[in-house]
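Step one of this worksheet: look at the structure below.
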Amino acid sequence: MTIPIINFGDILMSRPAGREAFMMAKAYVFKDIKKDDEVILDFDKIKVLAPSWADEFISGLKNEYTQNVSCINTENPSVEASLRAVLNQ
């Protein structure tokens, strides 16, 4: 399953906003995910990604659904740095 992160906005800042995005995805997007499913997060067209937003969203996804998460279109320096901080913990 590929999830376009642009659906949550193009400037993704703050832990509360990341938590809100995760809860929305939990209600509408993630309901069909099984434990072994691969989830691809597509960061195309994202202008700013804060580590706190990414941590809330990705950690929630990994803790409640699947560890099999990958990311695409991460060339934006903001996205790249935030994902490096969150995924290399």
Side-chain angles (χ1 to χ4, degrees):
M1 166 185 280
T2 300
I3 300 170
I5 299 300
I6 192 69
N7 291 344
F8 304 102
D10 61 352
I11 298 176
L12 306 171
M13 306 281 295
S14 86
R15 193 165 293 282
R19 188 175 310 117
E20 183 178 326
F22 173 73
M23 297 304 278
M24 184 177 76
K26 185 175 178 177
Y28 298 105
V29 180
F30 298 158
K31 46 186 186 175
D32 295 328
I33 295 177
K34 311 238 181 334
K35 192 161 185 83
D36 295 334
D37 287 351
E38 178 183 14
V39 175
I40 301 168
L41 303 177
D42 184 355
F43 288 90
D44 188 37
K45 300 179 185 167
I46 298 300
K47 293 178 183 173
V48 177
L49 177 67
S52 55
W53 191 99
D55 184 44
E56 280 295 321
F57 193 87
I58 296 171
S59 294
L61 175 60
K62 286 184 167 186
N63 289 337
E64 292 194 35
Y65 294 97
T66 182
Q67 292 290 314
N68 194 6
V69 177
S70 60
C71 302
I72 59 173
N73 296 313
T74 60
E75 296 80 20
N76 175 309
S78 169
V79 171
E80 185 179 1
S82 293
L83 292 176
R84 188 173 40 247
V86 170
L87 298 176
N88 290 333
Q89 291 182 357

Shortest non-hydrogen contact between Ser78 and Leu49, atoms and distance: OG-N, 2.8 Å
Co-membership, hydrophobic cluster, residues Leu87 and Phe22, 4.5 Å side-chain: yes
Over 12 foreign heavy atoms within 6.0 Å of NZ, Lys62: yes
Distance, nearest 0.5 Å, that separates CD1 of Ile46 from CG of Asn76: 8.5 Å
Residue pairs fulfilling ring-ring contact (aromatic ring centres under 6.0 Å, His included) with at least one residue in residues 59-84, sequence neighbours excluded: Phe30-Tyr65
Contact summary for Lys31 and Ala27, nearest pair of heavy atoms: CD-O, 3.6 Å
Shortest non-hydrogen contact from Ala50 toward Ser82: C-OG, 3.6 Å
Spacing of Ile5 atom CD1 and Trp53 atom CH2 [to the nearest 0.5 Å]: 5.0 Å
Side-chain H-bond candidate by donor/acceptor type, Ser59 with Asp55, under 3.5 Å: yes
Trace of the side-chain contact (heavy atoms from CB on, under 4.5 Å) decision for Asp37 with Met1: CA-CA 8 Å; Asp37 287 351; Met1 166 185 280; over 6 Å; no
Those residues that, when tested against Glu38, pass side-chain hydrogen bond (donor to acceptor under 3.5 Å, both in side chains) (two or more places apart): Ser70
Residue Asn63 excluded, over 12 heavy atoms near CG under 6.0 Å: yes
side-chain contact (heavy atoms from CB on, under 4.5 Å) against Thr74, all qualifying residues, sequence neighbours excluded: Phe43, Cys71, Val79, Leu83
Shared hydrophobic cluster, Met23 / Ile3 (ILVMFWY, side-chain heavy atoms < 4.5 Å): yes
Val29 side chain near Asn7 side chain, heavy-atom distance below 4.5 Å: no
Residues forming a side-chain contact (heavy atoms from CB on, under 4.5 Å) with Asn73, sequence neighbours excluded: Asp42, Asp44, Glu75
Qualifying residues under salt bridge (charged side-chain N to carboxylate O under 4.0 Å, His left out), relative to Glu80, sequence neighbours excluded: Arg84
Hydrophobic cluster membership, Tyr28 vs Leu41, 4.5 Å side-chain cutoff: yes
Minimum heavy-atom distance between Val69 and Thr66, given as atom pair plus value: CG2-O, 3.6 Å
Closest non-hydrogen atom pair, Ile6 against Lys45: CD1-O, 3.5 Å
Glu64: partners by salt bridge (charged side-chain N to carboxylate O under 4.0 Å, His left out), with sequence neighbours left out: Lys26
Spacing of Phe57 atom CZ and Met24 atom CE [to the nearest 0.5 Å]: 8.0 Å
Residues in salt bridge (charged side-chain N to carboxylate O under 4.0 Å, His left out) contact with Arg19, at least two apart in sequence or another chain: Glu56
All pairs passing salt bridge (charged side-chain N to carboxylate O under 4.0 Å, His left out) where residues 2-11 contributes a residue, at least two apart: Asp10-Lys47
Identified side chain to side chain contact (heavy atoms under 4.5 Å, CB included) counterpart of Val39 within the set Asn68, Thr2, Ile33: Ile33
